[in-house]
Amino acid sequence: MTDRRLMAAVTILATGISAVATSFAIYATSARFVVSSFNHLLLEYLPGWFISAIIQRFGDVALELSLLFSGVVLSVVVGTIAFGGYRVGSRVETPAAPLVGFLVSSGSIAVATAVIVGELVPAVLPALVGGVIVTWFSDAVPAPSDVDAERRAVVTSLSAVAAFNIVAHALGLVRRDQTRRSEQELQEQASRAEVDHLLSTSEDAELDADGVQPLVSEVGDFFTVDINPSPPTVDTASWSLSITGDVEDELELGYDDVQTYTTRHEYKAIRCLSDGIESDQLDAAVWTGCRLGDLLAEAEPNGEYAMVTGADDYYYSIPLEQLEESMLAYGMNGLELPEAHGYPVRILVPDRWGKLQVKWLTEIEIIDDEAGGYWEERGWHGMGPVNAVTKIDRINRPDGRIQLVGHAYAGDRGIETVELSIDGGETWSDATLSDPLPDADTIRQWRFEIDPADTAQDQLEVYARNIDGDGTTQPEERTDPFPDGATGWVHRSIDIS
Ligand SMILES: Nc1nc2c(c(=O)[nH]1)N[C@H]1C(S)=C(S)[C@@H](COP(=O)(O)O)O[C@H]1N2
Ligand SMILES: [Mo]
């Protein structure tokens, strides 16, 4: 290469890189950063198969790689435009030729950049910087009479350009970090605000009733069922969730990846299959997470079921359709999911017993057939909808009256009515209910008052039952939790005096 050609190449690169770096320093991650826009255009014109091949081959780094590639290509393009612009402009026969060259080259960079970004303002500074550098290299540097002096001038100029690029780059990186952090903070704030809203909504919906179970249980009061005496300790840094088996694309997601899906917050109760009519293994919370269907869609599953496994090797097979409607939960009542309840993530399957709500989730394997689960191996059934239940939490006696309070649950069908009978089930009256919450798959509180003056009896045989959102009345027959889950109406004999 001749000296002239080498000089042209150096000028083109120095100019292009500096103009692009200026854009990076100012606009970092936004679409006004000319490389972002250029990359976007490039991806639009490249064939889809090519892009997916690259993404499959390089995974997460594909985006960084394509940005780098776009940056290099664009630097050469902008540098060449600037160089050509300068050559044309400075050809005029006037002493102001360098100025004309500067104007034409800056103008060309500005037009090219504005076309790519779709806006003029973000093109101005990169164009000025590019114009200055191309002018400097074309005019000030060459002093053909003295080779040594020319070398020195080139080295000095290149050092200045390098220093400028380092500073511009650092600025861009700082900006990018700031934007990312503020975006994340904004998202976290919005998420917290949404949970706070749900928590206050449920507080407002509560009945005024002493001793009633709250619509959202405190984390410390929420029951736990664990096959081991203590929960497995999971380190989020090494934790991952893999989606394997009969899928088009196996997925392995880290803790941060899981949080990138659209966040949802919902009320949901969990009831253990071993919960009796009189026991206390039914609690509700506000859960934060994402829709499992969003993750599964990326894996493109082919089977009908999924084998879902936790870090403690607890496992359940769940129909894919239900799993898609499930939540992958990583937050509870606005807190990080507590260790006892499945940290870092658990699933929440709508309308199903607690045993399917696998905690400390590590793997989802897509399979073709139903394959039971941990408690099925031990004789339990109950893979279908959770049974309806009505609980009596307390009997209060405010100034001579009798007040019964409790809560009811009927899975995703929701609670429509709670009825009480004080005559052994002959006649029924509606209880007062807490306001409905936006999600059905949770508990509702009820309150019922009896005026002793209204009855001639000394002793009342009280029964409570619910009617779910489908209009089904809770069945009367009392059965034990083993093996299908408890059924029946809760009963109390109450002395009037
Ligand atoms: N990994 C794992 N998940 C699990 C269990 C378990 O022992 N290990 N117990 C299940 C049972 S039987 C119930 S009732 C619910 C209870 O959830 P909780 O402890 O958050 O109330 O978790 C389910 N998920
Ligand atoms: Mo359970």
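In listed order, ligands and their atoms are each counted from 1. These numbers come from the heavy atoms of this one structure, side chains and all, not from hydrogens, waters or symmetry mates.
The atoms of ligand 1 that sit less than 4.0 Å from any heavy atom of Phe222 are 21 (O). Residue contact check: Thr224 has heavy atoms under 4.0 Å from atoms 19 (O), 21 (O) of ligand 1. The distance from ligand 1 to the heavy atoms of Asp226 drops below 4.0 Å at these ligand atoms: 7 (O). Shown in contact with Val358 at under 4.0 Å from a heavy atom are these atoms of ligand 1, numbered in order with element: 3 (N), 24 (N). Atoms of ligand 1 found under 4.0 Å from any heavy atom of Cys272 (numbered from 1 in listed order, with element): 14 (S). Atom numbering of ligand 1 starts at 1 in the shown order; those under 4.0 Å from a heavy atom of Trp360 are 1 (N), 2 (C), 8 (N).
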Distance-only criterion, 3.5 Å: show the donor-acceptor pairs between side-chain atoms of residues 380-391 and protein atoms not counting sequence neighbours.
residue: His381; atom: ND1; partner: Asp484; partner atom: OD1; Å: 3.3
residue: Asn387; atom: ND2; partner: Gly485; partner atom: O; Å: 3.3
residue: Asn387; atom: ND2; partner: Ala486; partner atom: O; Å: 3.0
residue: Thr390; atom: OG1; partner: Asn466; partner atom: N; Å: 3.2
residue: Thr390; atom: OG1; partner: Asn466; partner atom: ND2; Å: 3.0
residue: Thr390; atom: OG1; partner: Gln474; partner atom: OE1; Å: 2.6
residue: Lys391; atom: NZ; partner: Asp275; partner atom: OD1; Å: 3.0
residue: Lys391; atom: NZ; partner: Asp275; partner atom: OD2; Å: 2.7
residue: Lys391; atom: NZ; partner: Gly276; partner atom: O; Å: 2.9
residue: Lys391; atom: NZ; partner: Ser279; partner atom: O; Å: 2.6

In a table with atom names and distances, give each donor-acceptor pair under 3.5 Å that connects a side chain of residues 327-341 to protein atoms at least two apart or in another chain.
residue: Asn333; atom: OD1; partner: Val286; partner atom: N; Å: 2.9
residue: Asn333; atom: ND2; partner: Ser217; partner atom: O; Å: 2.9

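Of all protein heavy atoms, the one closest to atom 7 (O) of ligand 1 is Ile227 N, 2.9 Å. With hydrogens left out, the protein atom closest to atom 4 (C) of ligand 1 is Tyr314 CE2, 3.5 Å, a heavy atom. Nearest protein heavy-atom contact of atom 19 (O) of ligand 1 is Lys359 NZ, 2.5 Å. If you check which protein heavy atom lies closest to atom 8 (N) of ligand 1, you get Asp312 OD2, 2.7 Å.
At least one N or O atom of Val225 sits closer than 3.5 Å to an N or O atom of ligand 1. Below 3.5 Å of separation, one finds no N or O of Arg271 facing any N or O of ligand 1. At least one N or O atom of Phe223, backbone or side chain, sits closer than 3.5 Å to an N or O atom of ligand 1. Residue-to-ligand polar distances keep Trp375 apart from ligand 1: every N/O pair is separated by 3.5 Å or more.
In this structure, CG on Asp435 lies 9.0 Å from CG on Leu215, to the nearest 0.5 angstrom. Atom OH of Tyr45 is separated from atom NE2 of His40 by 10.5 Å, given to the nearest 0.5 angstrom.
No side-chain N or O of Arg397 forms a donor-acceptor pair with one of Gln403 less than 3.5 Å apart.
Between Lys268 and Asp439 no salt bridge is recorded (no basic side-chain N to carboxylate O distance below 4.0 Å). With salt bridges taken as basic N to acidic carboxylate O contacts below 4.0 Å, one links Lys355 and Glu376. Using a cut-off of 4.0 Å between Lys/Arg side-chain N and Asp/Glu carboxylate O, Glu194 and Arg192 are scored as not salt-bridged. Using a 4.0 Å cut-off between a side-chain N of Lys or Arg and a carboxylate O of Asp or Glu, Arg180 and Asp177 do not qualify as a salt bridge.
The cationic atom of Arg465 (NZ for Lys, CZ for Arg) does not lie both less than 6.0 Å from the six-membered ring centre of Tyr463 and within 45° of the ring axis.
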Decide salt bridge (charged side-chain N to carboxylate O under 4.0 Å, His left out) for Arg181 and Glu183; before the verdict, give the C-alpha distance in whole Å, the side-chain angles of both, and the deciding distance to 0.1 Å. CA-CA 5 Å; Arg181 224 174 308 142; Glu183 265 169 24; over 6 Å; no

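Of the candidates Arg346, Gln281, Lys355, the one placing a heavy atom closest to atom 22 (O) of ligand 1 is Arg346. Taking all heavy atoms of Gly373, Ala329, Gly354 into account, the minimum distance to atom 13 (C) of ligand 1 is reached by Gly354.
Here Gln357 has backbone heavy atoms under 4.0 Å from ligand 1, and that is the only part of it that gets that close.
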